[in-house]
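Keep in mind the model is a prediction, meaning the values are calculated, not measured. Because only heavy atoms are used, hydrogens play no part in the values below, and waters and symmetry mates are left out as well, while side chains stay in.
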Amino acid sequence: MTRRFAIAISLGLLLAAHAAFGQPATHSGQSTLRQADLRVGAIAYRIALAGRPYCSQPHPLTGLLFHHLGEYEPADRITMIQRHGLDRGPGILTVLADTPAARAGLVAGDVLLAVNGKPFPSPIANAAIANRDSRRKAMEASEFQLEEQLRSGPARLRLLRNGREIEASLGSVQGCLGRVRLARSSQTNAFANGRFVVMTTSMLDFLRSDDELAVVLGHEMSHNILHHPTLLDEQGVPKGGIGRAFGKNAKRVWRTEEEADRFGIRLMAAAGFNVEAAIPFWRRYLGKYDWFPQVFRTHPSLPARERITREAIAALSGPAPRPLP
């Protein structure tokens, strides 16, 4: 989202932290081990589901958020194994209300052991991978394994719940790509890496409403839906450093930012959020360092962002765009 994008990439992998969860909070058909993750996941799901008419590539939505053994610091992993069985498979962090996961009877604290008879990769082996990016991709592979099975219809799950193995059938609904993670970090930022949107806890604290949260998630989800990270990689744009901020590279990044601003507004509106929250958010977020010389910018300035946002809001009254190719 900001010119500190490259720094944020490393921060987004530090999903460590609070090993001592309490009992899952369960109400209104949902359950979670961390309320902040529930809030982010619920807004992302709402946007992904409502945006389906504008996304030509359907993505299976379940209403699940996961956590993995390898996300925790080594000192905390024994606790996560003893309390939550995270050595057995990917753990369910949150189940959103009125979603396929909730209708399947899944609850926060469950651990997935197998899908359609195929076990998930070893969490202990994944956690032992030294390189953080490689470790993150190995953990994500478990989630992708489930998604791939869901593309063919409801999937049979074997679960671990309170020390007992049980069976469940999980379906999905089609929507836009909407994977999200909440990273514990003091940097106020969010970014998209092509696979997930990562938002920091500091950014979540900075936001004043769910509408502002939808501004950020809609923008970052748009980057992934529009394949911007892959496109920039194919164009040879560096992920960070001074080479990203000059010449064609800067123009290419700027173009993706403008596209994500415009498409994000479309997604917000489809999900019923107040698009008028976008400009006040950008003013608060960008105003403190908008003095940065334009020649070194890869992102639109505040005046440019306001113009783009106003144009995107005005365009909502016109014909609905066709699904993206």
**OP:** Check whether any side-chain heavy atom of S209 lies under 4.5 Å from a side-chain heavy atom of E212, and answer yes or no.
**Re:** yes
Original post:
Short question: side chain of T200, backbone of Q187 - any donor-acceptor pair under 3.5 Å?
Top reply: yes
**OP:** State plainly whether the residues E73 and R77 are in salt-bridge range, i.e. N to O under 4.0 Å.
**Re:** no
Original post:
In terms of side-chain geometry, is the basic nitrogen of E71 or R181 positioned less than 4.0 Å from the acidic oxygen of its partner?
Top reply: yes
Original post:
With hydrophobic residues grouped by side-chain heavy-atom distances under 4.5 Å, do F273 and I313 end up in a single group?
Top reply: yes
Subject >> In one Ile/Leu/Val/Met/Phe/Trp/Tyr side-chain cluster, 4.5 Å: Y72, I81 >> reply: yes
**OP:** Answer yes or no: is there an ion pair linking E258 with R262, defined by an N-O contact shorter than 4.0 Å?
**Re:** yes
Subject >> N-O pairing of E143 and R179 below 4.0 Å >> reply: no
Original post:
Is any side-chain N of the basic residue among R184 and D37 closer than 4.0 Å to the acidic one's carboxylate O?
Top reply: yes
**OP:** Could you tell me whether R305 sits above the aromatic face of F281, with NZ or CZ closer than 6.0 angstrom to the six-membered ring centre and within 45 degrees of the axis?
**Re:** no
Subject >> Ion pair check, E276 and R310, cut-off under 4.0 Å >> reply: no
**OP:** List, by chain and then residue number, the residues other than L64 in its hydrophobic cluster (Ile/Leu/Val/Met/Phe/Trp/Tyr, side-chain heavy atoms under 4.5 Å); write none if there are no others.
**Re:** F66, I92, V95, L106, L112, V115, F120, L146, L150, L157, L159, I166, L170
Original post:
Under a 4.0 Å N-O cut-off, is there an ion pair linking K137 with E140?
Top reply: no
Subject >> Donor-acceptor contact present, side-chain R158 to main-chain L113, <3.5 Å >> reply: no
Original post:
So, H59 versus Q174: side-chain donor-acceptor pair below 3.5 Å or not?
Top reply: no
**OP:** Measure the spacing between OH of Y45 and OG1 of T99 and express it to the nearest 0.5 Å.
**Re:** 5.5 Å
